[in-house]
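What follows is a set of notes on a single structure, which appears directly below.
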Amino acid sequence: MDIKAQIKDKLRKALLDLGIEGLEIELEQPKQLSFGDYTTNAAMKAFATPNLKSKILNLKSPKELAKRIVEIFNSKFVIHDSIVGKVEAVGGFINFHLSANYLGTWLEEVLRDNEKLVNKPKSSSNKIVVEYSSPNIAKPFTIGHLRSTIIGDAVANLLEVTGRKVYRDNHIGDWGSQFGKLTYAIKTWGNEEEIEKAENPVKELVNLYIKFHEEAEKNPKLEDYGREWFKKLEDGDLEARRLWQKCIDWSWMEFNNLYSELNVKFTENNGRGYGESFFEDKMKQVIEELREKDLLKEDQEAFLIYFKNDKLPPLMILKTDGTTLYATRDLATDKFRLEKYGKDIKIINEVGAEQSLYFQQLFELEKMLGWFNAGQRVHVRHGLYRFKDQKMSTRKGNVIWLEDLLNEAEKRALSLSKQDSISISQNARRIGIGALKWNDLKRNSIQDIIFDWEDILNMQGDSGPYMQYTYARTHSVLAKVKSSSNAKATADKEKLKVKSSIQDLKFDELEKEEIHLLRYLYRYSDVVTQAADSLSPNIICNYLFNLAQRFNLFYQKHKVIGSDNEDQRLALVSLTGITIKHGLGILNIEVPEKV
RNA sequence: GCGCCUGUAGCUCAACGGAUAGAGCAAUUCACUUCUAAUGAAUAGGUUGUGGGUUCGAUUCCCGCCAGGCGCGCCA
């Protein structure tokens with residue numbers, strides 16, 4: 001039984017002594033460490049619950065009730081309890097302070113076995129598909145796709161470290177009517193050989209795509225030509241297929257480079273993910289099922305899904321010319337996933353918030369089809385990157401290319417240090433990418449981000465480089481211990497082997513910053529669980545940044561090597577490093593040992 | 001017009017219905033022959049858009065209004 005469960009259990013017994021039964025006890029980590037390691041509002045809750053109130057009528061306030069509970073708790077348990085060092089009633093809250101001895105024991109245990117850093121839930125059989133990144137072939141891989149890539153990757157990592165089986169999928173946009181437009185554009189204004197020779201073929205394709213939309217504004221007939229070419233593609237026309245395949249090859253060259261720079265990987269379909277075209281021959285079957293279940297209604301030669309009581313606008317499945325849409329392919333995709341991974345599979349799509357309505361429609365339809373139960377389909381949304389005065393738009397050509405962004409990030413990282421440093425120039429690319437990732441992950445992802453170079457490549461304070469730097473400091477201390485012969489403890493790269501026995505380590509003698517650091521480290525496991533449950537990597541960022549601040553405060557104030565409490569302090573440094581590394585691992589941010 | 005999202009310090013953002021609403025950036029001041037100053041300490045900065053309601057307790061939940069963003073059948 002873990003600590004939380006133990007405390008809850010004892011609390012329940014204490015409440016029973018007062019005749020209070022059936023109250024759901026919540027044990028939380030209070031915001032401030034001065035309020036203890038765990039806290040409960042049980043007294044206030046009991047007081048506010050009418051049928052419980054009658055039993056405690058002799059008590060005037062939640063405050064008194066909390067006091068009574070603590071008295072019982074203390075007389076029954078705490079005296080012989082080495083885990084909880086102190087229980088106190090503050091206001092109506094009951095706060096539990098873990099003993100320094102217990103925290104020290106815990107720290108040693110985690111240092112011995114890093115696996116114990118995060119408690120994995122017992123039932124870890126959940127299987128989850130996380131679909132993210134999903135760039136479009138022949139379109140720029142922009143800062144917008146970067147969001148989905150970075151956030152989706154972090155969400156997948158979060159689920160994995162908390163014991164789920166995760167399938168990482170990339171729903172590449174390699175099918176759809178944009179290929180009709182593009183084919184027309186290549187044939188009319190483009191030159192295949194020149195595209196082939198160009199430094200960045202995708203940029204050439206995008207220019208053609210932009211030209212198509214410019215021309216189409218003057219001459220709406222172009223839209224029809226585009227549709228014709230897409231129809232040809234769907235019908236298997238050889239020329240249409242050939243050009244389509246070319247576009248895919250050109251695009252993949254670029255995608256592969258970016259994924260390897262970002263260290264992002266996918267597990268499905270040999271690491272490529274199942275693109276939309278994979279489902280091209282699987283849509284017929286889905287359309288059949290929709291017809292059989294009498295869900296498909298015709299309107300002006302197109303086929304749509306209508307929802308009960310018009311609670312959602314209709315969703316188009318087949319266009320007037322008989323070709324498919326995004327929705328058709330998504331349905332085929334999810335059908336395929338049901339068959340491949342089993343009907344209890346959970347599917348998360350990390351896609352921009354602008355598609356919220358579409359996903360509502362899709363999920364509702366999939367429910368009508370009887371494919372999924374509530375909670376099995378999730379849309380993790382992220383806000384848009386916007387310019388101050390306009391939207392980013394591929395069609396209009398005002399986008400930030402990821403390539404340029406990474407170069408700028410590297411440039412800024414280079415000029416970061418006040419001192420000259422060789423290692424910075426070696427690490428600039430990784431530091432720049434770390435800054436970029438952190439800035440995408442540190443905020444609640446639903447918000448739009450106004451594009452600003454200063455902001456997204458921030459490298460001071462609450463930033464990726466700050467975290468990397470802090471890690472490097474921990475590493476540096478341990479490296480010095482390792483090379484020093486006087487040191488009492490020896491440090492491995494990862495694990496600190498504390499020679500002393502548990503009894504010798506005196507954590508209750510540590511000073512305030514140190515014991516606070518230790519208690520904050522203890523929270524990590526709960527934080528990871530919370531972040532995973534709410535699919536919010538930013539919770540990890542908040543925690544890590546706080547941890548780093550506590551560590552830097554401690555680091556600035558206390559000498560570690562050669563101090564009286566060297567063993568304890570080294571253990572703290574070591575665990576801080578391990579925790580930061582683990583956390584940044586979830587966020588997929590590299591931790592250079594020297595920066 | 002309808003739907004969804006957002007509104008917190010000058011700027012960018014935190015805060016599971018809880019305790020004195022916290023950080024970073026910017027500003028002013030202080031601390032570098034260091035176990036890495038890419039850091040730390042201190043000061044200043046708030047009617048949480050607005051008006052009601054629910055609650056022992058509301059930045060958080062509900063309703064109205066204001067402002068911004070996104071979306072609403074042949075794009076994805």
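Within every chain, numbering begins at 1; the chains are lettered A, B, ... in the order of the sequence lines, protein sequences first and strands thereafter.
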For this session: Check the chi torsion on B:rG73 and let me know: syn if it falls within 90° of 0, anti if not.
Result: syn
Exercise. Is the aromatic ring of A:F35 within stacking range of B:rA19, meaning centres under 5.5 angstrom and planes under 30 degrees?
Worked result: yes
For this session: Cation-pi check, A:R147 to A:Y385: give yes when NZ or CZ is under 6.0 Å from the six-membered ring centre and within 45° of the ring axis, no otherwise.
Result: yes
Exercise. Given that both distances must come in under 3.5 Å, which nucleotide forms a Watson-Crick or G-U wobble pair with B:rC65?
Worked result: B:rG49
Problem set entry | Pair of N/O donor and acceptor under 3.5 Å linking B:rA19 base with A:T39 side chain | yes
Problem set entry | Nucleotide opposite B:rG1 in a Watson-Crick or G-U pair, distances under 3.5 Å | B:rC72
Exercise. Are A:F93 and B:rA19 stacked, counting the six-membered base ring, centres under 5.5 Å, planes under 30°?
Worked result: yes
Exercise. What interatomic distance, in whole Å, is found between C1' of B:rU59 and the corresponding atom of B:rC16?
Worked result: 14 Å
Exercise. Using the ring of each side chain (for Trp, its six-membered ring), is A:W453 parallel, tilted or perpendicular to A:F451, with breaks at 30° and 60°?
Worked result: perpendicular
For this session: Spell out yes or no: do the side chain of A:N95 and the base of B:rA19 have one donor N/O and one acceptor N/O closer than 3.5 Å?
Result: yes
For this session: Answer yes or no: does a side-chain N or O of A:K559 lie under 4.0 Å from OP1 or OP2 of B:rC35?
Result: yes
Problem set entry | Residue closer to the 5' end of RNA chain B, A:S177 versus A:F554 (nearest nucleotide) | A:F554
Problem set entry | Positive for side-chain contact (heavy atoms from CB on, under 4.5 Å) with A:Y38, one of A:R523, A:K4, A:E28, A:K8 | A:K4
For this session: On RNA chain B, check which nucleotide each of A:L553 and A:T324 is closest to and give me the residue with the more 5' one.
Result: A:L553
Problem set entry | Side-chain donor/acceptor contact of A:Q178 with base of B:rC75 under 3.5 Å | no
Problem set entry | Spacing of the C1' atoms in B:rA67 and B:rG73 (rounded, Å) | 31 Å
